[in-house]
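A quick write-up on the structure given underneath.
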Amino acid sequence: MKPPRLGRLCSRPVSIIGPVCRPYRASQIAKYQQCRRQFSSALIRPTQDRKPLSLVATEKPKTKYNSKRRMFSILAIVSGLGTAFYFISNPNSRSGTKIFDPPKFTPFTIVKREEVSPTSIILTLRPQTLVNRPRKLVSDPYELSWEKGTWSVEIKQPQLQIARSYTPLPPNKGDPKGDLRLLIRKEHKGEVSGYLHTLGVGSQIHLRGPHAEFDLPERVTDVVFLAGGTGIAPALQVAYALLEGRHMDVEKPKMHIVWASRKRADCEGGVDINNPYAWEARKTGRIVQELETLQQKYPGQLSVDYLVDEEGKFLDQKKISSLTKASSEVKFGARHTRIDSKLLFVSGPEGFINYIAGPKKWEGGKEGQGQLGGLLGQMGIRTWKVWKL
Ligand SMILES: Cc1cc2nc3c(=O)[nH]c(=O)nc-3n(C[C@H](O)[C@H](O)[C@H](O)COP(=O)(O)OP(=O)(O)OC[C@H]3O[C@@H](n4cnc5c(N)ncnc54)[C@H](O)[C@@H]3O)c2cc1C
């Protein structure tokens, strides 16, 4: 289905949880700052206005002065707590920097453009405000989004005034904080993807977000991620969140990604685990390299399978069932594993999601999960929480 035009995109579908950041916070901060300013000037005033006669002042003004002081102290504490709450609760500014300002679009500049396959590019985008000072930020302004789960941003096509969602790839070590990398596949006659493919380094584009797509539960033991095409971007986000992004003191889950691509060129170098000799023949694509880096870092935790349509390798029930059976149930027993600790994601183009898990459903202008259908519906998967992205 063709995504809606920008006018309708203002209220996002429900499956896409509303913007994480809250637009009214800036005014709140201004209020708090105002409070703080009043407090300090008021404190100074009694001393500055003091006249010699104050030496013979009665008890009355002193009491007034004390109660004023108490009031200002309370105001200061309230304003301090308010500011602290703002920074803790606002994902955009937890590290003190606000990149996005929803519902407005924020200008970014393309600082790098890599062709990663005949149909896909990775664009590295830098907030306009950081273009001349790329190393200005010391902490990651998207930290909370990375920790929480999967998230996306919208990009605007300025001539047509339409926007489409894209999924940031996890940052590489040493990347300037604030940069975003997006994997963009050029769709045949696609309005926004086609436009993005025409842009070069130095071009300006406008982004809105961040939009939380799925909040990962605190305790996750197993993940099976079935990704079709660019559905690999949220798979990388989940791997990053669970293995790298979270600083929780819990055992890291086991994650298995199956990446289904139409052509080998989309996942160059991705090894069929049954054919280790394939390593020698092929150069390795950018996304495959990033998956391999994570695999090397977390050998027992992350495994990846590559299925290529043109090589006659497709996702089927047998494959899915081999993955879902080799889960922690074997280790802990079914009674000890919570349903939301085992997550089965299906992510990719509409046709892919429909085939594997049945269609998502539009209800009351919002996109919901719909019934479990497709291959997973036929298999009667019950002990996994299935989520269509
Ligand atoms: C949460 C989320 C995250 C996403 N993340 C990514 C990502 O990381 N990378 C990525 O590449 N994509 C991602 N997408 C998909 C992306 O948002 C766009 O849908 C995609 O880029 C196509 O948009 P487009 O404007 O180029 O194509 P559109 O113009 O919307 O066209 C889409 C398809 O419909 C066909 N079409 C267009 N008009 C017609 C018509 N009149 N009749 C029949 N067919 C028509 C086109 O040929 C094309 O194949 C994501 C989507 C969502 C919802």
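For ligands, and for the atoms within them, numbers begin at 1 and follow the listed sequence.
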Nearest neighbour of [atom] from the list [options], on a heavy-atom basis:
atom: atom 30 (O) of ligand 1; options: Glu191, Arg164, Glu154; result: Arg164
atom: atom 48 (C) of ligand 1; options: His188, Lys189, Arg181; result: His188
atom: atom 9 (N) of ligand 1; options: Leu160, Thr150, Leu183; result: Leu183

>> Which label fits Phe214 and Phe345: parallel for a plane angle under 30°, tilted from 30 to 60°, or perpendicular past 60°?
In response: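 Ring orientation, 0 to 90° scale: perpendicular.
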
>> Under 3.5 Å between any N/O of Glu213 and any N/O of ligand 1: does that happen in this structure?
In response: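 No; every N/O pair is 3.5 Å or more apart.
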
> Looking only at N/O atoms, are Val192 and ligand 1 under 3.5 Å apart anywhere?
Replying inline: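 Yes.
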
Assess the side chains of [X] and [Y]: does a donor N or O sit below 3.5 Å from an acceptor N or O?
X: Gln204; Y: Thr109; answer: no
X: Tyr166; Y: Glu154; answer: no
X: His211; Y: Ser152; answer: no

> For ligand 1, which atoms have a heavy atom of Ile184 less than 4.0 angstrom away?
Replying inline: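 Per the distance check, 11 (O).
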
> Is it true that Leu182 lies under 4.0 Å from ligand 1, counting heavy atoms only?
Replying inline: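 No, that is not the case, since the closest heavy atom of the residue is not under 4.0 Å from the ligand.
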
> How long is the gap from OG on Ser193 to NE2 on His188, to the nearest 0.5 Å?
Replying inline: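 Ser193 atom OG to His188 atom NE2 measures 11.0 Å (nearest 0.5 Å).
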
> Of the backbone atoms (N, CA, C, O) and the side-chain heavy atoms from C-beta on, which set of Thr230 has a member under 4.0 Å from an atom of ligand 1: side chain, backbone, both, or neither?
Replying inline: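 The part of Thr230 near ligand 1 is the side chain, not the backbone.
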
> Passes ring pair (Phe, Tyr, Trp, His ring centres under 6.0 Å), Phe105 versus Phe100? Steps please.
Replying inline: CA-CA 7 Å; Phe105 281 85; Phe100 292 110; 9.7 Å; no

